[in-house]
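Below: one structure, written as C-alpha coordinates.
Worth knowing before you read on, the calculation uses all heavy atoms, side chains too, and leaves out hydrogens, waters and symmetry mates. Labels below follow one simple rule: chain letters A, B, ... track the order of the sequence lines, proteins then strands, and each chain is numbered from 1.
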Amino acid sequence: MEIIRKNKTKMKLWKINDYNPEISLLGGHNFFWKRINENEYISFHNEGGIYLYKSKGFWRAELLYGFLDIENYFQLDIDYDAILSTLSKDIVFKKPVSELRGLKLTSQPFFDVLISFIISSNNNINRIRKSVLDITKNYGAKQKNKIIDINNFPAPEKISNITAEELKEKTGVGYRAGYLTNSAKLFIKDKDDIINYKEDILVEKLKEFPGVGDKVADCVAIYSGRAQTFSPMDRWATKILYDVYDVDFKKYKDARKWWKMKFGKNASYAGQFLFEYYRRR
DNA sequence: ATGCAGGGTTCGC
DNA sequence: GCGAACCCTGCA
(Lines give C-alpha, C1' and ligand atoms only; values in the text may rest on other atoms or scores of the structure.)
Protein backbone atom coordinates (compact mmCIF):
# COMPACT_ATOMS: atom_id res chain seq x y z
CA MET A 1 0.00 0.00 0.00
CA GLU A 2 1.04 3.51 -0.67
CA ILE A 3 2.07 5.90 2.03
CA ILE A 4 2.60 9.49 1.08
CA ARG A 5 4.60 11.61 3.47
CA LYS A 6 4.49 15.34 3.45
CA ASN A 7 8.03 16.45 4.07
CA LYS A 8 7.34 19.25 6.53
CA THR A 9 4.64 18.02 8.88
CA LYS A 10 5.39 14.29 8.71
CA MET A 11 1.63 13.88 8.26
CA LYS A 12 0.75 10.43 7.01
CA LEU A 13 -1.68 10.18 4.13
CA TRP A 14 -3.30 6.85 3.44
CA LYS A 15 -4.74 5.94 0.08
CA ILE A 16 -8.05 4.09 0.30
CA ASN A 17 -8.59 2.08 -2.87
CA ASP A 18 -11.88 0.93 -4.32
CA TYR A 19 -13.91 2.88 -1.80
CA ASN A 20 -17.42 4.27 -1.54
CA PRO A 21 -17.72 6.44 1.61
CA GLU A 22 -21.41 7.15 1.10
CA ILE A 23 -22.45 3.52 1.57
CA SER A 24 -19.55 2.55 3.86
CA LEU A 25 -19.67 5.39 6.35
CA LEU A 26 -23.25 6.71 6.23
CA GLY A 27 -25.00 3.33 6.15
CA GLY A 28 -26.06 1.06 8.96
CA HIS A 29 -22.77 0.02 10.54
CA ASN A 30 -20.99 3.25 11.39
CA PHE A 31 -22.57 6.30 13.00
CA PHE A 32 -19.47 8.43 13.53
CA TRP A 33 -18.99 10.24 10.24
CA LYS A 34 -20.07 13.62 9.01
CA ARG A 35 -20.35 14.29 5.30
CA ILE A 36 -18.95 17.74 4.52
CA ASN A 37 -19.62 17.47 0.79
CA GLU A 38 -19.37 14.79 -1.88
CA ASN A 39 -15.57 14.82 -1.73
CA GLU A 40 -14.96 15.32 1.99
CA TYR A 41 -15.88 13.38 5.12
CA ILE A 42 -14.75 13.62 8.73
CA SER A 43 -15.11 11.20 11.65
CA PHE A 44 -15.67 12.26 15.23
CA HIS A 45 -14.68 9.20 17.20
CA ASN A 46 -13.59 9.67 20.76
CA GLU A 47 -10.18 8.29 19.90
CA GLY A 48 -9.61 10.37 16.83
CA GLY A 49 -10.85 12.32 13.84
CA ILE A 50 -10.08 11.08 10.36
CA TYR A 51 -10.30 13.39 7.37
CA LEU A 52 -11.26 11.49 4.24
CA TYR A 53 -11.17 13.35 0.97
CA LYS A 54 -11.05 12.72 -2.72
CA SER A 55 -8.04 14.07 -4.53
CA LYS A 56 -7.14 13.45 -8.17
CA GLY A 57 -9.64 10.60 -8.31
CA PHE A 58 -8.46 8.79 -5.19
CA TRP A 59 -9.73 8.70 -1.63
CA ARG A 60 -7.12 9.65 0.92
CA ALA A 61 -7.25 9.64 4.70
CA GLU A 62 -5.31 11.50 7.31
CA LEU A 63 -5.61 11.86 11.07
CA LEU A 64 -6.71 15.34 12.15
CA TYR A 65 -6.57 14.72 15.91
CA GLY A 66 -6.31 11.84 18.36
CA PHE A 67 -4.57 8.53 17.85
CA LEU A 68 -6.63 6.23 15.61
CA ASP A 69 -4.74 3.65 13.58
CA ILE A 70 -5.99 4.42 10.07
CA GLU A 71 -4.61 1.26 8.50
CA ASN A 72 -6.53 -0.81 11.02
CA TYR A 73 -9.64 1.40 10.89
CA PHE A 74 -10.11 1.02 7.13
CA GLN A 75 -8.97 -2.62 7.17
CA LEU A 76 -6.33 -1.89 4.56
CA ASP A 77 -4.81 -5.33 4.94
CA ILE A 78 -7.83 -7.27 3.66
CA ASP A 79 -7.99 -8.65 0.12
CA TYR A 80 -11.16 -6.93 -1.02
CA ASP A 81 -11.11 -8.36 -4.54
CA ALA A 82 -10.78 -11.86 -3.16
CA ILE A 83 -13.75 -11.39 -0.84
CA LEU A 84 -15.95 -10.03 -3.64
CA SER A 85 -14.99 -12.69 -6.14
CA THR A 86 -15.63 -15.44 -3.60
CA LEU A 87 -19.04 -14.02 -2.71
CA SER A 88 -19.91 -13.51 -6.38
CA LYS A 89 -19.76 -17.25 -6.99
CA ASP A 90 -23.14 -17.26 -5.25
CA ILE A 91 -25.81 -15.90 -7.62
CA VAL A 92 -27.47 -14.14 -4.68
CA PHE A 93 -24.58 -11.68 -4.50
CA LYS A 94 -24.43 -10.75 -8.16
CA LYS A 95 -26.49 -7.55 -7.87
CA PRO A 96 -25.48 -6.54 -4.32
CA VAL A 97 -21.78 -6.77 -5.18
CA SER A 98 -22.05 -5.00 -8.54
CA GLU A 99 -24.32 -2.21 -7.22
CA LEU A 100 -22.54 -1.70 -3.90
CA ARG A 101 -18.94 -2.14 -4.94
CA GLY A 102 -16.81 0.01 -2.66
CA LEU A 103 -18.78 -0.95 0.43
CA LYS A 104 -16.31 -1.85 3.15
CA LEU A 105 -16.46 -2.44 6.87
CA THR A 106 -14.54 -0.33 9.35
CA SER A 107 -12.82 -1.43 12.57
CA GLN A 108 -14.19 1.19 14.91
CA PRO A 109 -13.15 1.97 18.48
CA PHE A 110 -14.75 -0.58 20.78
CA PHE A 111 -16.57 1.79 23.13
CA ASP A 112 -18.04 3.89 20.31
CA VAL A 113 -19.54 0.82 18.65
CA LEU A 114 -20.84 -0.48 21.97
CA ILE A 115 -22.70 2.74 22.76
CA SER A 116 -24.04 3.35 19.26
CA PHE A 117 -25.41 -0.17 18.94
CA ILE A 118 -27.04 -0.12 22.37
CA ILE A 119 -28.85 2.91 20.97
CA SER A 120 -29.73 0.92 17.84
CA SER A 121 -32.10 -1.55 19.50
CA ASN A 122 -35.72 -1.17 18.42
CA ASN A 123 -34.67 1.99 16.63
CA ASN A 124 -34.09 3.21 13.10
CA ILE A 125 -30.91 4.35 11.40
CA ASN A 126 -31.82 8.04 11.16
CA ARG A 127 -32.64 8.24 14.84
CA ILE A 128 -29.54 6.30 15.87
CA ARG A 129 -27.39 8.74 13.94
CA LYS A 130 -29.24 11.69 15.45
CA SER A 131 -28.82 10.37 19.01
CA VAL A 132 -25.08 9.75 18.52
CA LEU A 133 -24.76 13.30 17.22
CA ASP A 134 -26.77 14.68 20.17
CA ILE A 135 -24.45 12.93 22.63
CA THR A 136 -21.44 14.29 20.75
CA LYS A 137 -22.76 17.85 20.73
CA ASN A 138 -23.74 17.81 24.41
CA TYR A 139 -20.85 15.91 25.95
CA GLY A 140 -17.98 15.84 23.45
CA ALA A 141 -15.05 18.23 23.45
CA LYS A 142 -14.14 20.62 20.67
CA GLN A 143 -11.36 19.23 18.53
CA LYS A 144 -9.18 21.84 16.95
CA ASN A 145 -8.33 21.07 13.35
CA LYS A 146 -7.79 22.73 9.98
CA ILE A 147 -10.96 21.48 8.28
CA ILE A 148 -14.13 22.06 10.27
CA ASP A 149 -15.44 22.82 13.79
CA ILE A 150 -16.28 19.51 15.37
CA ASN A 151 -16.77 17.81 18.74
CA ASN A 152 -15.59 14.29 19.32
CA PHE A 153 -17.71 11.58 20.92
CA PRO A 154 -17.28 11.56 24.72
CA ALA A 155 -15.01 9.11 26.55
CA PRO A 156 -16.43 6.28 28.70
CA GLU A 157 -15.65 8.24 31.88
CA LYS A 158 -17.72 11.17 30.65
CA ILE A 159 -20.78 9.08 29.82
CA SER A 160 -20.53 7.11 33.06
CA ASN A 161 -20.83 10.35 35.02
CA ILE A 162 -24.04 11.56 33.36
CA THR A 163 -27.30 10.63 35.07
CA ALA A 164 -29.67 8.55 33.00
CA GLU A 165 -32.36 11.21 33.46
CA GLU A 166 -30.19 13.93 32.01
CA LEU A 167 -29.03 11.76 29.13
CA LYS A 168 -32.59 10.90 28.27
CA GLU A 169 -33.66 14.53 28.40
CA LYS A 170 -30.82 15.87 26.24
CA THR A 171 -30.30 13.20 23.61
CA GLY A 172 -33.52 11.37 22.81
CA VAL A 173 -32.08 7.93 23.53
CA GLY A 174 -35.21 7.24 25.55
CA TYR A 175 -35.37 4.20 27.81
CA ARG A 176 -31.87 3.19 26.68
CA ALA A 177 -30.29 6.01 28.75
CA GLY A 178 -29.75 3.77 31.80
CA TYR A 179 -28.27 1.03 29.65
CA LEU A 180 -25.77 3.53 28.26
CA THR A 181 -24.57 4.98 31.56
CA ASN A 182 -24.33 1.55 33.20
CA SER A 183 -22.59 0.00 30.20
CA ALA A 184 -20.08 2.86 30.27
CA LYS A 185 -19.37 2.07 33.93
CA LEU A 186 -18.96 -1.62 33.22
CA PHE A 187 -16.71 -0.86 30.25
CA ILE A 188 -14.38 1.23 32.42
CA LYS A 189 -14.14 -1.67 34.87
CA ASP A 190 -13.71 -4.44 32.29
CA LYS A 191 -12.02 -2.80 29.30
CA ASP A 192 -8.54 -4.24 29.84
CA ASP A 193 -10.06 -7.70 29.90
CA ILE A 194 -12.79 -7.60 27.28
CA ILE A 195 -10.89 -6.05 24.38
CA ASN A 196 -8.64 -9.11 24.25
CA TYR A 197 -11.45 -11.49 23.31
CA LYS A 198 -12.64 -12.33 19.80
CA GLU A 199 -15.45 -14.03 17.86
CA ASP A 200 -17.77 -16.35 19.85
CA ILE A 201 -16.15 -15.78 23.25
CA LEU A 202 -16.34 -12.01 22.84
CA VAL A 203 -20.05 -11.98 21.98
CA GLU A 204 -20.86 -13.97 25.11
CA LYS A 205 -18.86 -11.52 27.24
CA LEU A 206 -20.56 -8.59 25.54
CA LYS A 207 -23.98 -9.82 26.60
CA GLU A 208 -23.05 -8.92 30.19
CA PHE A 209 -23.46 -5.25 29.24
CA PRO A 210 -26.93 -3.83 29.90
CA GLY A 211 -28.79 -3.23 26.65
CA VAL A 212 -26.70 -5.79 24.80
CA GLY A 213 -28.31 -9.00 23.55
CA ASP A 214 -27.18 -11.42 20.84
CA LYS A 215 -27.67 -9.10 17.90
CA VAL A 216 -26.02 -6.01 19.38
CA ALA A 217 -23.15 -8.18 20.66
CA ASP A 218 -22.54 -9.34 17.09
CA CYS A 219 -22.54 -5.76 15.85
CA VAL A 220 -20.00 -4.66 18.44
CA ALA A 221 -17.71 -7.63 17.78
CA ILE A 222 -17.86 -7.27 13.99
CA TYR A 223 -17.82 -3.51 13.60
CA SER A 224 -14.91 -3.15 16.01
CA GLY A 225 -13.03 -5.60 13.81
CA ARG A 226 -12.98 -8.46 16.33
CA ALA A 227 -15.13 -10.97 14.47
CA GLN A 228 -15.52 -11.99 10.82
CA THR A 229 -17.30 -15.34 10.77
CA PHE A 230 -20.91 -14.26 11.33
CA SER A 231 -23.29 -11.38 10.66
CA PRO A 232 -25.89 -9.73 12.95
CA MET A 233 -29.35 -11.30 12.80
CA ASP A 234 -31.75 -8.37 12.82
CA ARG A 235 -35.24 -8.13 11.29
CA TRP A 236 -33.72 -7.60 7.85
CA ALA A 237 -31.24 -10.45 8.01
CA THR A 238 -33.89 -12.81 9.33
CA LYS A 239 -36.21 -11.98 6.45
CA ILE A 240 -33.47 -12.03 3.81
CA LEU A 241 -32.12 -15.42 4.89
CA TYR A 242 -35.65 -16.83 4.99
CA ASP A 243 -36.58 -15.45 1.55
CA VAL A 244 -33.28 -16.13 -0.20
CA TYR A 245 -31.85 -19.23 1.48
CA ASP A 246 -35.02 -20.67 3.00
CA VAL A 247 -33.47 -20.89 6.47
CA ASP A 248 -35.11 -19.96 9.77
CA PHE A 249 -33.23 -20.34 13.03
CA LYS A 250 -34.79 -21.34 16.35
CA LYS A 251 -31.73 -20.37 18.34
CA TYR A 252 -29.51 -17.39 17.71
CA LYS A 253 -26.38 -19.51 18.00
CA ASP A 254 -27.60 -21.63 15.10
CA ALA A 255 -27.53 -18.52 12.93
CA ARG A 256 -23.90 -17.83 13.90
CA LYS A 257 -23.01 -21.38 12.93
CA TRP A 258 -24.83 -21.04 9.61
CA TRP A 259 -22.96 -17.86 8.66
CA LYS A 260 -19.63 -19.50 9.49
CA MET A 261 -20.44 -22.68 7.59
CA LYS A 262 -21.76 -20.79 4.56
CA PHE A 263 -19.25 -17.95 4.24
CA GLY A 264 -16.38 -18.59 6.68
CA LYS A 265 -14.13 -15.56 7.12
CA ASN A 266 -16.22 -13.61 4.60
CA ALA A 267 -19.47 -13.90 6.57
CA SER A 268 -19.51 -10.36 7.96
CA TYR A 269 -18.97 -8.89 4.50
CA ALA A 270 -21.61 -11.21 3.06
CA GLY A 271 -24.15 -10.00 5.59
CA GLN A 272 -23.23 -6.38 5.07
CA PHE A 273 -23.78 -6.55 1.32
CA LEU A 274 -27.13 -8.27 1.78
CA PHE A 275 -28.27 -5.82 4.46
CA GLU A 276 -27.30 -2.68 2.58
CA TYR A 277 -28.72 -4.02 -0.68
CA TYR A 278 -32.11 -5.15 0.58
CA ARG A 279 -32.79 -2.29 2.98
CA ARG A 280 -32.57 0.07 0.00
CA ARG A 281 -35.24 -1.77 -1.96
C1' DA B 1 -55.29 11.26 11.23
C1' DT B 2 -53.90 7.14 13.85
C1' DG B 3 -51.24 3.22 13.48
C1' DC B 4 -47.02 1.09 12.81
C1' DA B 5 -42.24 -0.09 12.22
C1' DG B 6 -37.63 0.93 13.09
C1' DG B 7 -30.13 -2.92 12.38
C1' DG B 8 -33.88 -5.68 20.00
C1' DT B 9 -33.58 -6.12 24.94
C1' DT B 10 -35.48 -6.61 29.33
C1' DC B 11 -38.63 -8.18 32.60
C1' DG B 12 -42.22 -11.03 34.43
C1' DC B 13 -44.59 -15.23 34.15
C1' DG C 1 -39.23 -20.19 26.70
C1' DC C 2 -42.79 -16.70 25.50
C1' DG C 3 -45.12 -12.09 25.17
C1' DA C 4 -45.61 -7.35 26.38
C1' DA C 5 -43.57 -2.90 27.08
C1' DC C 6 -40.39 0.43 25.67
C1' DC C 7 -38.77 6.65 23.97
C1' DC C 8 -39.70 8.70 19.83
C1' DT C 9 -40.47 10.02 14.96
C1' DG C 10 -41.24 9.60 10.05
C1' DC C 11 -44.22 7.79 6.94
C1' DA C 12 -48.26 5.21 5.08
Side-chain angles (χ1 to χ4, degrees), chain A residues 22-33 96 100 103-108 112-135 137-138 159 162-187 203-228 230-244 248-256 258-259 267-281:
Chain A
E22 183 78 29
I23 55 176
S24 299
L25 303 176
L26 304 180
H29 95 276
N30 192 322
F31 305 107
F32 294 88
W33 284 81
L100 300 177
L103 166 62
K104 293 184 186 178
L105 293 170
T106 42
S107 296
Q108 304 169 60
D112 294 4
V113 195
L114 175 65
I115 294 300
S116 59
F117 276 90
I118 289 173
I119 295 170
S120 79
S121 75
N122 191 24
N123 210 340
N124 60 63
I125 291 175
N126 286 336
R127 269 194 81 222
I128 300 162
R129 188 159 269 114
K130 184 180 178 300
S131 290
V132 170
L133 215 50
D134 283 346
I135 293 173
K137 282 176 181 166
N138 278 288
I159 292 183
I162 310 167
T163 64
E165 291 74 20
E166 184 192 327
L167 193 60
K168 182 175 175 180
E169 185 195 331
K170 290 197 175 176
T171 65
V173 295
Y175 62 91
R176 308 171 191 83
Y179 300 158
L180 297 176
T181 54
N182 287 327
S183 280
K185 285 172 187 158
L186 183 58
F187 177 79
V203 294
E204 288 314 306
K205 295 276 180 190
L206 275 165
K207 284 170 67 178
E208 294 170 11
F209 287 82
V212 177
D214 281 315
K215 187 270 176 185
V216 169
D218 282 8
C219 290
V220 177
I222 294 162
Y223 305 143
S224 68
R226 291 176 171 80
Q228 289 86 39
F230 44 81
S231 194
M233 291 300 291
D234 59 5
R235 314 170 186 236
W236 290 94
T238 304
K239 178 170 168 36
I240 292 166
L241 295 196
Y242 182 75
D243 290 349
V244 175
D248 185 16
F249 304 104
K250 294 278 181 291
K251 292 180 180 175
Y252 196 95
K253 280 186 178 178
D254 294 338
R256 287 205 188 101
W258 184 88
W259 283 107
S268 300
Y269 268 90
Q272 205 60 30
F273 271 95
L274 292 178
F275 173 80
E276 291 292 347
Y277 180 77
Y278 284 98
R279 84 176 179 87
R280 289 158 202 266
R281 300 288 105 182

Would you compute the distance between atom CG of A/D234 and atom OG of A/S121 and round it to the nearest 0.5 angstrom? 12.0 Å
Does the plane of the ring in A/W236 sit parallel, tilted or perpendicular to the ring in A/F275? Use 30° and 60° as the thresholds. perpendicular
What distance separates A/Y223 OH from A/D218 CG, expressed to the nearest 0.5 Å? 9.0 Å
Per-nucleotide pairing state of DNA chain C [Watson-Crick or G-U, under 3.5 Å; [ ] pseudoknot-crossing; | other strand]: ||||||.|||||
Measure CE/A/M233 against C1'/B/dG7 and give the value in whole Å, please. 12 Å
Report the residues that fulfil ring pair (Phe, Tyr, Trp, His ring centres under 6.0 Å) with A/F32, sequence neighbours left out, ordered by chain and then residue number. A/F44, A/H45, A/F153
Under the rule for side chain to side chain donor-acceptor pair (under 3.5 Å), what residues qualify as partners of A/D248, not counting sequence neighbours? none
Letter per nucleotide, 5' to 3', of nucleotides 5-12 of chain C [B base touched, S only sugar-phosphate touched, - untouched; heavy atoms, 4.0 Å]: -BBBS---
Under 3.5 Å, is there any donor-acceptor pair linking the side chain of A/Y223 to the base of B/dG7? yes
Separation of atom CG in A/D218 from atom C1' in B/dT9, rounded to whole Å: 14 Å
Using atom P in both nucleotides, what's the gap between C/dT9 and B/dT9 to the nearest angstrom? 22 Å
So which pairs with a foot in residues 113-131 of chain A pass salt bridge (Lys or Arg N to Asp or Glu O under 4.0 Å), sequence neighbours left out? A/K130-A/D134
Of all of residues 267-281 of chain A, which get a heavy atom below 4.0 angstrom from DNA chain B, listed by number? A/Q272, A/F275
Atom pair CD/CD1 of A/Q272 and A/I222 - distance to nearest 0.5 Å: 8.0 Å
Side-chain donor-acceptor pairs under 3.5 Å in residues 204-214 of chain A, sequence neighbours left out?
{"residue": "A/K207", "atom": "NZ", "partner": "A/D214", "partner atom": "OD1", "Å": "3.0"}
{"residue": "A/D214", "atom": "OD1", "partner": "A/R256", "partner atom": "NH2", "Å": "3.4"}

Just to be sure I understand the geometry, which residues of residues 204-217 of chain A put a non-hydrogen atom under 4.0 Å away from DNA chain B? A/F209, A/P210, A/G211, A/V212, A/G213, A/D214, A/K215, A/V216
Roughly how many Å apart are B/dC4 and C/dA4, using the P atom of each and rounding to a whole number? 13 Å
Side chain to side chain donor-acceptor pair (under 3.5 Å) partners for A/Q108, two or more places apart: none
Ring pair (Phe, Tyr, Trp, His ring centres under 6.0 Å) involving A/F273 - partner list, sequence neighbours excluded: none
Test of understanding: with side chain to side chain donor-acceptor pair (under 3.5 Å), list the residues that count as partners of A/W33, not counting sequence neighbours. A/Y73
Only pairs at least two apart or in different chains count here, so list each ring pair (Phe, Tyr, Trp, His ring centres under 6.0 Å) that has a residue in residues 163-183 of chain A. none
Please measure how far the P atom in C/dA5 lies from the corresponding atom in B/dG7, and state the result in whole Å. 23 Å
Please give, in whole Å, the distance from B/dT9 P to A/R235 CZ? 11 Å
Straight-line distance of A/L186 CG to A/T181 OG1, nearest 0.5 Å: 11.5 Å
